[in-house]
Every structure is written in structure tokens, then in C-alpha cells.
Peer 1: 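I have a structure here, written as C-alpha cells, and I will follow up with some questions on it.
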Amino acid sequence: MLETAFTRLVGCSVPIQQAGMGGAATPKLAAAVADAGGLGMVNMVMVPADDVAVAVAALAKSTTGPVGINFLMPFLDVAAVEAAAPHCRVVEFFYGDPQAGLVERVHTAGSLADWQVGSADEAKAAVQAGCDFVVAQGTEAGGHIRGTVGLLALLDEVLDAVEVPVLAAGGIGSPRAMAAALAAGAAGVRVGTRFVATAESGSHPAYIQALVEASAADTVITMAFSGMWPDAPHRALRSAVAAVEAFEGETVGEMDLGPARMTIPKGATPSPTKDTTGAIPAMALYAGESVGNVVQVQSAGEVVRELAEGAERLLRAWYGSRISLADQGHLDVAGESGAFVEPS
Ligand SMILES: Cc1cc2nc3c(=O)[nH]c(=O)nc-3n(C[C@H](O)[C@H](O)[C@H](O)COP(=O)(O)O)c2cc1C
């Protein structure tokens, strides 16, 4: 019922993008989000291009909704981009200067391209590179943080800077937060931490339990897990930072990474997945300020519905039955159909 420029562009029925999140964002999670009406995403760092193609083709067939793949620029494999793009509705990039050549490759395959950005200048560069939409990531976000500004201030700047649809990311874990982002002019929200604590996520149960027990004040921006990815601040549970600092020894455990089983050095970047063994509390337990909204393990579909239906209820209550915010590119509450639609 929440129709926006993003849902129309991408072809989903709910303005929610699930963040591509390393081992947490399994194809099963992406498919469940897409089935529930959102945009489901995967991220396959260190997976060979041929295997990426097979996996995303299978993912696309497993759901009727749109799916996408996220690429981290410091680990970019252009062959994997080319292999994945024909099978995905969206190909997305993060943590590097926007590149027109990459966007062109995505468009040539018939897919949409987007960039997650941390500043208005980066948003402009993404649009100049040809991106179809951008994600504004505030510093409330879990995982790696691109910019230095909180979400609402950033969203304000990015919305003024670009014409394409803008998603809001960082700390959005409740209907209230989602409604606020939409009311501020975002065409949708990108949600990470909430989806880590789902039945379909690939994350280790002890990591998920730590999220359930934590609140927003229990997260911190740190460099503690820079092992494979230097110079990139990230938000994680404070308890994980304390545990890794106290950890004696070079190796915290083992996990499957791409096709190989690898030992995990102390302070390494990957977050623990179901197959990970070792000192889980001392690994990269990424969490956004949205972690306070993680109170139990749910299905991904339940999370999508909770956020979308709750946000819609709040927007209806706030705006009344028929208020057009067309001038600002906001939602129009259409009285007769009962649906929120953006004015054409
Ligand atoms: C466990 C975890 C892993 C993440 N990995 C990635 C990633 O691989 N690529 C990416 O673009 N963003 C990644 N992010 C950041 C998300 O894209 C997004 O900005 C963030 O989750 C939004 O904040 P939230 O967690 O409060 O919802 C990750 C976030 C988390 C929590």
C-alpha cells in the first residue's frame, strides 16, 4: 500500500530494501524479503564469478519479487558484476567513488544500478555516473559507515542534491523510524540489522542472541574489525569490541568464506555465520542503532510486514485522510483507493 518512486522503479510493493550483508544476507533471506514485497539483496564477496552467476540466477527463480546484489568496492570483482547483472533487477555498489563504467555495465545487462553513499557530494557523483537511485547512509548504520553525518541531516542534503529516488539507511528498525524517513522525503528505507535477526539470515545464533539483548546505546563506531578492510569505520556491538581487545591469541576461529574454509585472525572483518566456530563474542558483531528494535528472532516476512504496515498506519494518522505533499515529492494519501501513492 506504500507506493513510491522506488517501488515503481524497482517493481516491489513495499518501499523496503534489505541490505546486502556478507554472510548474513543469504539467498534465502533475499527471497523471503522479495516474497514479502521488498527488495531482497545478497552480497557474495570472494565468490568466483561463475558461482555468483549460478547463485543469483537460482535466487531470481526462487521468488516472484525483485532481487539485487551488493558489491563492496574494496573487494570488487568486475567479472562477478558482469556475471550477476543479467539475473538481478538491481546491482549496487558501496564504499568507493562512483564509476560510470561500472554503472554502464549494469545498464547494458538491463538492470538498475544504485550506490550507497555517505554524503551529498557522493550522491551527486553517483547520479553523474548514471545511477538510477541512491541510498543515503547515516552514521547510525550497522556495519561499515561511509560518511560522518547522521541520517536525517544527510537525507536532507541528499534530497536537495539529486533528482533520483533516495532511500534512507541507518538506524531504521521500527515503523516510527520508517514513517519518519518517508515523511522526510525518502522513497524507501534500507534495513540491515533487523534482518540479521531473522530465521532466514545466515548469521551465527550467538550473534543474533547478542542483538536481541542489546539496545542502541550498546553500539559503537570502531576500527576494531579492520583486519581485512583498513581505514573503514564500522558500527558494532560494544561488547564485541571489548571482547576482541581482551582476546589473547592471533586467531579467533574458523569460517567458510567463498568456497574455502578459513581461519579468522583476531580483528578480522567478516561477521560470524552459522558455520563459524571459535570465540563468537570477540568477532565482528555489526549492529546499527536500530538494534534496540531487535527483540526476538522473526521471519523476514514478518519484519517487512511489521515495518510497512506500522509505517503506513502512522503516516495515515499523521497526515489525515487526504493530504498531498506533491510539491516536495512526498506521499499523497489517496482517499478512495486507500493506498498511499505519489502524485504523478
Ligand atoms: C551485519 C551487517 C553487514 C553489512 N554488510 C554490508 C555489506 O556487505 N555491504 C553494504 O553495502 N552494506 C553493508 N552493511 C550496511 C548496510 O548496508 C546498511 O547501511 C545498514 O545496515 C543500515 O543500518 P541498520 O543496520 O541500522 O539497518 C552491513 C550492515 C550490517 C548490520
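Read the numbers this way: they start at 1 and go in the same order the structure lists the ligands and their atoms. Computed from a predicted model, the values in this text were never measured in an experiment.
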Peer 1: Where is the nearest protein heavy atom to atom 1 (C) of ligand 1: which residue, which atom, and how far?
Peer 2: Y207 OH, 3.3 Å
Peer 1: Do T251 and I264 touch side chain to side chain, with heavy atoms closer than 4.5 Å?
Peer 2: no
Peer 1: Closest non-hydrogen protein atom to atom 16 (C) of ligand 1, residue and atom name please, with distance?
Peer 2: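 Ranking protein heavy atoms by distance from atom 16 (C) of ligand 1, first comes A19 CB, 3.6 Å.
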Peer 1: Could you state the interatomic distance from CG (L29) to CE (M41), rounded to the nearest 0.5 Å?
Peer 2: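 That separation rounds to 11.5 Å.
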Peer 1: Which ligand 1 atoms, with their elements, are less than 4.0 angstrom from a heavy-atom of Q137?
Peer 2: 19 (O)
Peer 1: Between the side chains of E250 and K266, is the shortest nitrogen-to-carboxylate-oxygen separation below 4.0 Å, so that they form an ion pair?
Peer 2: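 Here K266 does not pair with E250 in a salt bridge, since their nearest N and O are not under 4.0 Å apart.
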Peer 1: Identify the protein heavy atom lying closest to atom 25 (O) of ligand 1, giving its residue, its atom name and the separation to 0.1 Å.
Peer 2: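 Looking only at protein heavy atoms, the one closest to atom 25 (O) of ligand 1 is T193 OG1, 2.6 Å.
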Peer 1: If you have a sec, work out which protein heavy atom is nearest atom 19 (O) of ligand 1 and how many Å separate them, to one decimal?
Peer 2: Q116 OE1, 2.8 Å
Peer 1: Would you indicate which of G138, G288, G170, A25 comes nearest to atom 22 (C) of ligand 1 when only heavy atoms are counted?
Peer 2: G170
Peer 1: Record the part of M21 in heavy-atom contact with ligand 1 below 4.0 Å; permitted values are side chain, backbone, both and neither.
Peer 2: both
Peer 1: Take a 6.0 Å sphere around NZ of K274 and say whether it holds more than 12 heavy atoms from other residues, nucleotides or ligands.
Peer 2: yes
Peer 1: Would one find an N or O of H144, backbone or side chain, under 3.5 Å from an N or O of ligand 1?
Peer 2: no
Peer 1: Answer with side chain, backbone, both or neither: which part of V291 has a heavy atom less than 4.0 angstrom from an atom of ligand 1?
Peer 2: neither
Peer 1: Indicate, as side chain, backbone, both or neither, the part of A141 found under 4.0 angstrom from ligand 1 when only non-hydrogen atoms are considered.
Peer 2: both
Peer 1: Could you walk me through whether F71 and F94 satisfy the ring pair (Phe, Tyr, Trp, His ring centres under 6.0 Å) test, starting with their C-alpha distance in whole Å, then the side-chain angles of each, then the deciding distance to 0.1 Å, before giving a yes or no?
Peer 2: CA-CA 6 Å; F71 288 96; F94 182 44; over 10 Å; no
Peer 1: Measure N43 to ligand 1 on non-hydrogen atoms and call it side chain, backbone, both or neither using the 4.0 Å cut-off.
Peer 2: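 For N43, the contact with ligand 1 is made by the side chain alone.
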Peer 1: Give me the residue, atom name and distance of the protein heavy atom closest to atom 21 (O) of ligand 1.
Peer 2: G192 CA, 3.3 Å
Peer 1: I'd like to check whether G171 has a polar contact with ligand 1, where a contact means an N/O of the residue lying under 3.5 Å from an N/O of the ligand.
Peer 2: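 For ligand 1, there is an N or O atom that lies under 3.5 Å from one belonging to G171.
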Peer 1: Where do A31 and T63 come nearest, in terms of heavy atoms and distance?
Peer 2: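 Residues A31 and T63, closest heavy atoms: O-OG1, 3.8 Å.
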Peer 1: Is there a polar contact between ligand 1 and G20, counting only N or O atoms under 3.5 Å apart?
Peer 2: yes
Peer 1: Please report which non-hydrogen protein atom sits nearest to atom 9 (N) of ligand 1, along with the residue it belongs to and the distance in Å to one decimal place.
Peer 2: N70 OD1, 2.9 Å
Peer 1: For the pair E213 (side chain) and A210 (backbone), establish whether a donor and an acceptor sit closer than 3.5 Å, ignoring hydrogens and angles.
Peer 2: no
Peer 1: To which protein heavy atom is atom 17 (O) of ligand 1 closest, and what is the distance rounded to 0.1 Å?
Peer 2: R190 NE, 2.9 Å
Peer 1: Could R235 and E140 be called an ion pair, given the rule that one side-chain N must be under 4.0 Å from one carboxylate O?
Peer 2: no
Peer 1: If you count the atoms of ligand 1 from 1 in the order shown, which ones are under 4.0 Å from a heavy atom of V191?
Peer 2: 27 (O)
Peer 1: Under 6.0 Å between the ring centres of W115 and F133?
Peer 2: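 Centroid distance W115-F133: not below 6.0 Å, so no.
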Peer 1: If you have a sec, work out which protein heavy atom is nearest atom 14 (N) of ligand 1 and how many Å separate them, to one decimal?
Peer 2: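 So the nearest neighbour among protein heavy atoms is G142 O, 4.0 Å.
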Peer 1: Identify, by atom number and element, the atoms of ligand 1 in contact range of G22, meaning under 4.0 Å from any of its heavy atoms.
Peer 2: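 Going through ligand 1 atom by atom, the ones under 4.0 Å from G22 are 8 (O).
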Peer 1: Minimum heavy-atom separation for V91 and S111, please, with both atom names.
Peer 2: CG2-CB, 4.5 Å
Peer 1: Indicate yes or no: does an N/O atom of S271 lie under 3.5 Å from an N/O atom of ligand 1?
Peer 2: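 No; the residue has no nitrogen or oxygen that sits under 3.5 Å from a nitrogen or oxygen of the ligand.
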Peer 1: For the pair R190 and Q18, evaluate side-chain hydrogen bond (donor to acceptor under 3.5 Å, both in side chains) and give the outcome as yes or no after the intermediate values.
Peer 2: CA-CA 6 Å; R190 173 198 190 85; Q18 163 245 321; over 6 Å; no
Peer 1: Hey, are D256 and R261 close enough for a salt bridge, meaning a charged N less than 4.0 Å from a carboxylate O?
Peer 2: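 Here D256 pairs with R261 in a salt bridge, since their nearest N and O are under 4.0 Å apart.
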